[in-house]
Asks: 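Quick one: the structure is below, questions incoming.
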Amino acid sequence: MLSTSQSQLALYPSSREEYARHIEQLKTQLLASHLPIEGSKDTELHLQAISKAVIGATAPSYFGFVTGGVTPVAARADNLVTQLDANVQVHLPKYSIATVVEDTALRWLLELLKLDERDWKHRTFTTGATASNILGLACGRDFVVREAGRRNGLEDVSVAEFGLSDALKLVGIEGIQILTTMPHSSIRKASSVVGLGRNSVIDVTDPSTPLLFDLEALKKHLNKPKTVSIVAVSCGEVNTGQFATTRNYMHEIRKLCDDHGAWIHVDAAFGILARCLPAEKFPLLVDGTAGIELADSIASDGHKLFNVPYDCGIFWSKHRDVAESVFQNAGAAYLGSAYSDPNTIASPLNIGIENSRRFRALPMYASLHAYGIQGYVDIIERQVNTARRVASWVNEHEAYTLLPSKTGKGVKNMDNIYMIVLFRASDSGLNDILVDLINESGQMYVSGTAWDDQKAVRIAISNWQVVPEREAKVVESVLEKIANDWAERLV
Ligand SMILES: *Cc1c(COP(=O)(O)O)cnc(C)c1O
């Protein structure tokens with residue numbers, strides 16, 4: 001279970017200076033030594049020293065990146081996973097329930113997110129949304145090449161069997177492109193890993209919108225001769241939290257992709273949770289994520305808004321046959337490989353990157369069971385309400401500018417704010433040092449970013465414990481003090 005101290009902000013436990021001294025001491029003393037020849041009795045001291053020099057993310061006022069915290073029941077389950085040290089790679093229903101627990105957690109997630117489990121037969125836990133994006137692009141790559149072959153009268157030409165260059169030659173295709181808008185950096189990384197290359201990622205954002213495709217440009221790219229496409233849609237852009245997955249819009253993209261044999265991958269690392277919110281209270285968020293169900297594959301994260309410990313990612317796809325083509329761990333009789341019956345649970349090693357793997361489904365199972373649909377809706381509602389409260393306050397304050405901002409003060413519609421608040425200081429001198437000033441307060445932690453080529457600050461509300469009034473007060477008092485100190489030239 002989490003102790004109280006763990007749920008407080010672990011940053012700068014006493015003072016910033018002392019924290020810096022502690023880090024320096026660790027680097028130059030404890031960690032500069034050689035591996036002991038004989039085992040040491042001081043390991044516990046080392047663990048304590050190290051844990052005091054790591055920024056924990058379990059506190060509700062940790063607003064960096066998008067991290068989430070850890071529900072107590074997930075922490076308990078995670079300890080149990082370590083105690084069991086079970087390897088969840090082969091479905092062995094006579095000997096272990098682990099794969100059934102994993103599949104139950106994955107089906108419960110679909111239920112929470114209002115997705116039909118009959119559509120999403122390829123489902124697995126990964127190490128994070130980056131790994132899930134790799135799965136999505138790997139499956140998409142196999143599908144689009146196979147589909148190009150089919151359209152040229154060739155059955156079963158797969159990248160999985162032939163390799164990328166031979167498969168492309170066989171089906172008469174010269175290139176695979178990834179069409180996207182403001183993708184998370186991990187999409188480019190994933191495209192490198194699966195052999196398509198970062199240059200294959202083409203940003204087709206409509207410049208008049210923050211995140212949507214320029215549909216005419218998308219059509220033009222899809223029509224490119226001898227080229228097949230994966231369309232990667234952002235659901236939860238990392239700076240603004242905005243979505244490109246509204247229902248009508250996704251219908252149009254789906255039609256275009258069906259015409260061209262393209263695969264749709266949605267990167268919904270944290271955005272997907274908007275689907276569990278009540279539509280009456282959060283219409284723009286619910287509509288913004290309604291089109292996800294039209295995708296071929298979805299990447300998401302457990303260790304962010306679901307508040308289970310690192311590392312836990314989630315992947316779903318509608319094409320289990322593709323998964324078993326790409327990830328089949330062929331030729332290992334002792335692992336009981338071979339293609340499985342699509343109506344039974346797949347052995348995880350045949351549908352994902354890893355062979356041996358942690359029982360990382362258990363914390364998710366436990367947290368879903370303990371909180372239920374109501375509990376998770378409540379967590380997400382509190383996160384959104386905290387973000388909106390902070391955003392309104394920032395928007396009214398003359399020292400700060402809420403982003404993306406084309407409208408000016410006082411007229412901003414908060415209904416499209418999800419759980420990230422993007423802003424900057426109106427004064428560029430203050431803006432340059434704002435992230436450091438906020439983090440040096442020791443009361444909250446934020447990440448910096450760039451927006452419209454200038455520095456900006458992100459406050460990402462992703463902890464299960466947040467209380468809108470309480471967390472907003474922390475933010476307001478820190479930002480108010482910084483604004484006052486700056487006005488009086490005290491910083
Ligand atoms: C965080 C994030 C990722 C990467 O997820 P990891 O869990 O860090 O691997 C990918 N896409 C989006 C939109 C994200 O927010």
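Counting convention: from 1, in listed order, for ligands and their atoms alike. Remember, it's a predicted structure, so these values are computed and weren't measured experimentally. The analysis underlying the following values was restricted to heavy atoms, covering all of them including side chains, and did not include hydrogens, waters or symmetry mates.
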Asks: What atoms of ligand 1 come closer than 4.0 angstrom to any heavy atom of A269?
Replies: 2 (C), 11 (N), 12 (C), 13 (C), 14 (C), 15 (O)
Asks: Show me which atoms of ligand 1 lie under 4.0 Å from any heavy atom of T130.
Replies: 4 (C), 5 (O), 6 (P), 9 (O)
Asks: Less than 4.0 Å between a side-chain N and a carboxylate O, is that true for D259 and K255?
Replies: no
Asks: Indicate the ring-plane relationship of Y371 and W464, choosing parallel, tilted or perpendicular according to the 30° and 60° boundaries.
Replies: perpendicular
Asks: Side chains of residues 287-294: which donor-acceptor partners sit under 3.5 Å, not counting sequence neighbours?
Replies:
from: T289; atom 1: OG1; to: L285; atom 2: O; distance (Å): 3.0
from: T289; atom 1: OG1; to: V286; atom 2: O; distance (Å): 3.3
from: E293; atom 1: OE1; to: R275; atom 2: NH2; distance (Å): 2.8

Asks: Just which atoms of ligand 1 are under 4.0 Å from any heavy atom in H303?
Replies: 7 (O)
Asks: Counting each atom of ligand 1 from 1 as listed, which ones have a heavy atom of G236 under 4.0 Å away?
Replies: 13 (C)
Asks: Would you call the rings of Y445 and Y62 parallel, tilted or perpendicular, where under 30° means parallel and over 60° means perpendicular?
Replies: parallel
Asks: Counting heavy atoms only, which part of A129 comes closer than 4.0 Å to ligand 1: side chain, backbone, both or neither?
Replies: both
Asks: Checking a contact table here: which protein heavy atom is nearest atom 11 (N) of ligand 1, and how many Å away?
Replies: D267 OD2, 2.7 Å
Asks: Which residue and non-hydrogen atom of the protein lie closest to atom 3 (C) of ligand 1, and at what distance in Å?
Replies: H184 CE1, 3.3 Å
Asks: Under 4.0 Å from a heavy atom of D301: which atoms of ligand 1 are those, numbered in the order shown and with their elements?
Replies: 1 (C), 5 (O), 6 (P), 7 (O)
Asks: For K224, does the NZ atom have more than 12 heavy-atom neighbours from other residues, nucleotides or ligands under 6.0 Å away?
Replies: yes
Asks: For Q374, look at atom CD and say whether over 12 heavy atoms of other residues, nucleotides or ligands are found less than 6.0 Å away.
Replies: no
Asks: List the closest protein heavy-atom neighbour of atom 1 (C) of ligand 1: residue, atom name, distance to the nearest 0.1 Å.
Replies: K304 NZ, 1.4 Å
Asks: Going by an N to O cut-off under 4.0 Å, is there a salt bridge joining D436 and R16?
Replies: no
Asks: Show me which atoms of ligand 1 lie under 4.0 Å from any heavy atom of F270.
Replies: 15 (O)
